[in-house]
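I have placed the structure first, in the form of structure tokens, so that the comments after it can refer back to it.
So you know, we letter chains A, B, ... as the sequences are listed, proteins then strands, and number each from 1.
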Amino acid sequence: MNEKQMRKADFISSIVLIIFGITVTWMAIKMPRLEEKGINPYTAPGVVPGILGVVILLLSLIMFVRTIRHSDFLPKIEKGNVKNLIKDEGTIRLMVSLALCLVYALVLVGNIPYVLATFLFVFGFILCFDMKFDKIEKSRKKIIIVAFIEAIISSAVISAAFQYLFLVDLP
Amino acid sequence: MFDGIFMFLDSLGGFLSFKVVLIVLGSTQLGIIVGMLPGLTATMGVALMTTLTYKMPADTAVLILMCMYIGAIYGGSRSAILLNIPGTPANAATSVDGHPLALQGKAGEAIGIATTGSFLGSVIGMFMLAFFTPILGNFALDFQSYEFFWLAIFGIIISGNLTAPKDPLKGWISGFLGLFVAMVGMEGIHAHIRYAFGNVNLSGGIDLLPAMVGAFGMAEILTLMKSHRSEVINTPIKNVIPHPRQIVKYWKTIIRSGFIGTFVGAIPGVGEDIAAWVSYDFAKRGSKESELFGKGSVEGLIASETGNNAAAAGAVIPVLSLAIPGSAPAAVLLAAMFIHGIRPGPLIMIESPEFVYKVVAMVFMATCAMMILGLSMVKSLVKVLQVPRTKLIPVIFTLCVIGSYALASRTFDVKVMIAFGILGYLMREMDYPVAPMILGIILGSILDKNLRRAFVLSDGSLLPFVSRPICLVLIFFIVFAIVGRTLWFHRLKMYVAQLIFRKKRG
């Protein structure tokens with residue numbers, strides 16, 4: 001990120017943090033003080049979260065004020081910028097990686113046998129990047145064979161290690 | 001003094017078996033590989049390894065993590081020398097002189113010097129660890145709830161300061177967010193459930209391990225996959241073992257860098273990268289060949305590598321004596337100790353002093369393994385650098401998932417890992433350091449319990465918080481750490497410097 005982009009990011013993050021700080025503090029105030037149980041009010045559960053909420057609020061307010069002191073602080077969303085961001089190779093690589101990771105961790109793991117889920121993930125990940133993005137100078141057949149072998153070995157080794165060595169019930 | 005030596009020798013003797021030697025060699029080798037792969041840091045290595053070791057006996061697990069830590073900090077010098085890409089941030093200073101040496105056809109020599117420097121740095125750090133941990137531990141015995149509260153705040157502030165050199169405000173925010181994360185779930189005094197929103201899983205709190213694996217591991221994976229980069233190395237490597245004369249010539253630099261590295265490493269939140277740069281800077285200032293620095297100076301290379309490995313041992317000093325980590329990997333190590341039921345902190349010298357010397361013995365074994373492995377199998381190990389990341393990343397991510405799941409066999413932890421992974425990535429993109437947040441999660445319960453206990457002890461009075469001598473010292477450091485980073489303090493400093501300069505001239 002360049003300096004201008006960082007200022008915009010700071011502006012947005014400071015607003016998010018201000019809202020967060022207010023919410024945390026408000027929830028801490030609303031927490032029971034347990035007075036009916038004869039408990040010392042200084043040990044009430046909301047004391048420390050309340051202080052933390054106020055500190056987060058103060059720090060993010062400082063950041064907010066610091067950001068708006070610059071004249072060009074308001075984030076301007078231009079059509080071209082958004083287009084460029086979406087078309088940027090880095091963004092696409094990031095989104096594809098994230099999507100593959102999310103599908104594996106949240107959809108496959110726990111719903112199909114772990115070995116199969118891991119095999120599919122490793123195989124799919126290597127194929128996707130080696131063929132689509134990195135365009136490795138090898139024949140498709142070679143890439144598929146390498147990805148297949150690595151996926152088989154890694155899924156088998158990881159599953160066996162966790163199941164038999166670390167005695168974990170695989171998901 | 002002699003008790004310590006006996007306990008160290010006793011611990012070392014207890015470790016000496018074929019199985020343990022294999023474990024040490026294996027985990028140090030793994031650490032070197034993690035360190036030398038650009039993008040994979042020591043912190044990530046230790047975090048991932050924690051997931052693999054938590055069912056092991058505590059001593060074995062900590063030994064493996066220690067080997068991983070020391071191996072990774074050293075391993076990063078390989079890619080720094082051969083590719084001009086530091087394997088871990090700690091090796092950034094190494095690339096300044098290491099890579100020019102490699103370009104001059106002295107890659108083998110540079111690797112040998114870096115290995116020897118790392119070995120000597122670790123040895124100096126190990127002696128300081130053995131010497132200072134009991135002293136600091138005994139000093140910390142005077143700590144009460146008031147001091148612990150300030151210590152937790154000090155840890156967050158100093159960590160935020162040093163991990164976000166451009167903008168400490170972001171570091172402090174990150175630290176306080178971490179403290180808040182620790183508030184989620186059942187609190188330790190009245191068992192009241194906070195910020196769980198009726199979710200049964202959240203009421204148990206957010207576990208440190210999945211949060212850490214996500215914030216360091218998954219965030220690093222996303223960062224790595226975003227950039228398109230593939231490096232191929234074809235540097236000839238020969239004469240790895242350095243000539244003793246070359247090392248003896250720079251004995252002063254080695255000792256100085258060892259001490260600086262350990263000292264900088266022991267300051268909470270500073271880390272090995274800053275230790276390496278400070279050592280490098282001091283070496284350059286004190287060198288008779290300062291013009292060679294940046295162009296392939298052996299002295300510069302030795303200074304940075306001695307400094308960063310000494311810092312690795314130094315970072316363990318506050319972990320053991322105060323339960324405050326000196327660096328990001330040390331924060332993970334501290335978390336791992338907690339997971340294994342070890343309670344580092346001021347009471348460790350009373351409850352289990354032998355554990356401190358066990359850790360010293362672990363550092364010693366890891367250091368020896370690093371030296372042996374570092375000077376052998378160089379050519380074959382360098383081939384690891386040629387493995388494309390697309391083949392490595394999916395395997396690492398599967399380890400992040402299964403490692404988080406294995407902690408309590410629940411998919412909730414995988415979701416926590418994913419959430420912290422995305423959060424960690426966004427924080428990195430916006431220059432918020434992640435290490436203070438993890439430190440905050442560790443220090444959260446210490447702060448929570450001690451602040452409320454202190455309030456009970458003082459009956460709500462704030463006076464003991466600001467009148468006890470150790471509290472005053474800690475408050476001074478906190479205020480100085482905050483004020484020292486403001487613009488007006490910088491201006492004041494410049495003004496005073498100008499006044500002195502004018503007076504001297506006038």
Side-chain angles (χ1 to χ4, degrees), chain A residues 1 6 9-10 13 17 24 27 31-32 34 39-43 45-49 51-53 55-56 59-60 62-63 66 89-91 93-94 97-98 100-102 104-106 109-110 114 118 121-122 125-126 129-130 133-134 136 146 150 154-155 158 161-162 166-171, chain B residues 52-56 167 169-170 172-173 176-177 179-180 183 187 189-190 192-195 218 221-223 225-228 230 388-391 393-395 397-403 405-406 409 411 414-415 417-418 421-422 425 429-432 444 447-448 451-453 455-456 459-460:
Chain A
M1 269 193 211
M6 190 57 81
D10 289 351
S13 68
L17 286 164
V24 168
M27 288 177 80
M31 275 180 201
L34 309 170
I39 278 164
N40 188 324
Y42 298 117
T43 67
V47 171
V48 178
I51 294 172
L52 293 179
V55 174
I56 292 170
L59 293 175
S60 38
I62 295 171
M63 184 179 277
R66 202 181 62 179
E89 200 204 329
T91 313
R93 290 174 67 93
L94 172 73
S97 315
L98 184 62
L100 289 169
C101 291
L102 290 180
Y104 169 66
L106 303 177
V109 172
Y114 177 77
T118 305
F121 172 67
V122 177
F125 199 100
I126 297 173
F129 276 92
D130 279 2
F133 292 104
D134 291 359
I136 305 264
V146 171
E150 187 182 332
S154 52
S155 59
I158 294 170
F162 273 88
F166 307 124
L167 305 172
V168 172
D169 290 326
L170 294 177
Chain B
L52 301 176
T53 55
Y54 80 89
K55 284 201 173 175
M56 291 181 184
D167 191 357
L169 187 64
K170 290 183 175 177
W172 302 334
I173 290 176
F176 279 97
L177 284 177
L179 289 174
F180 168 74
M183 298 299 115
E187 49 97 14
I189 295 183
H190 306 299
H192 180 77
I193 294 166
R194 302 185 288 203
Y195 303 104
M218 188 178 163
I221 285 172
L222 293 177
T223 312
M225 288 317 295
K226 191 182 168 191
S227 63
H228 180 105
S230 56
R389 67 180 66 176
T390 49
K391 296 195 171 48
I393 294 297
V395 178
F397 185 71
T398 57
L399 287 174
C400 288
V401 171
I402 189 69
Y405 173 84
S409 295
T411 45
V414 177
K415 288 173 189 162
M417 189 275 290
I418 296 274
I422 296 170
Y425 173 77
E429 284 290 292
M430 291 193 283
D431 268 358
Y432 286 86
L447 181 124
D448 184 31
L451 179 61
R452 290 193 285 160
R453 263 185 216 144
F455 272 142
V456 173
D459 201 22

Inset, instruction - Taking the side chain as every heavy atom from C-beta outward, state whether B:Leu169 and A:Arg66 have any pair of such atoms under 4.5 Å apart. - result: yes

Inset, instruction - Go through the atoms of A:Thr43 and report whether side chain, backbone, both or neither lie under 4.5 Å from a heavy atom of chain B. - result: both

Inset, instruction - With the side chain counted from C-beta on, respond yes when A:Leu94 and B:Tyr425 share a heavy-atom pair under 4.5 Å apart, and no when they do not. - result: yes

Inset, instruction - For chain B, find which of A:Leu170, A:Leu102, A:Leu106, A:Val109 contributes the most heavy-atom pairs closer than 4.5 angstrom. - result: A:Leu170

Inset, instruction - Would you check if A:Ser13 and B:Tyr432 make a side-chain contact, meaning some heavy-atom pair closer than 4.5 Å? - result: yes

Inset, instruction - Count the heavy-atom pairs under 4.5 Å between each of A:Gly110, A:Ser97, A:Gly90 and chain B, then report the option with the highest count. - result: A:Gly90

Legend entry - Toward chain A, the part of B:Ile402 with a non-hydrogen atom under 4.5 Å: both

Inset, instruction - Taking the six-membered ring for Trp and the single ring otherwise, decide whether the centroids of B:Tyr405 and A:Phe162 are under 6.0 Å apart. - result: no

Inset, instruction - Report yes if some heavy atom in the side chain of B:Arg194 is under 4.5 Å from a heavy atom in the side chain of A:Met27; otherwise report no. - result: no

Inset, instruction - Evaluate the side-chain proximity of A:Val24 to B:Met183: yes if any heavy-atom separation is below 4.5 Å, no if none is. - result: no

Inset, instruction - Select one option (side chain, backbone, both, neither) describing which atoms of A:Val122 are under 4.5 Å from chain B's heavy atoms. - result: both

Legend entry - Side chain proximity check, A:Val55 to B:Trp172, heavy atoms < 4.5 angstrom: no

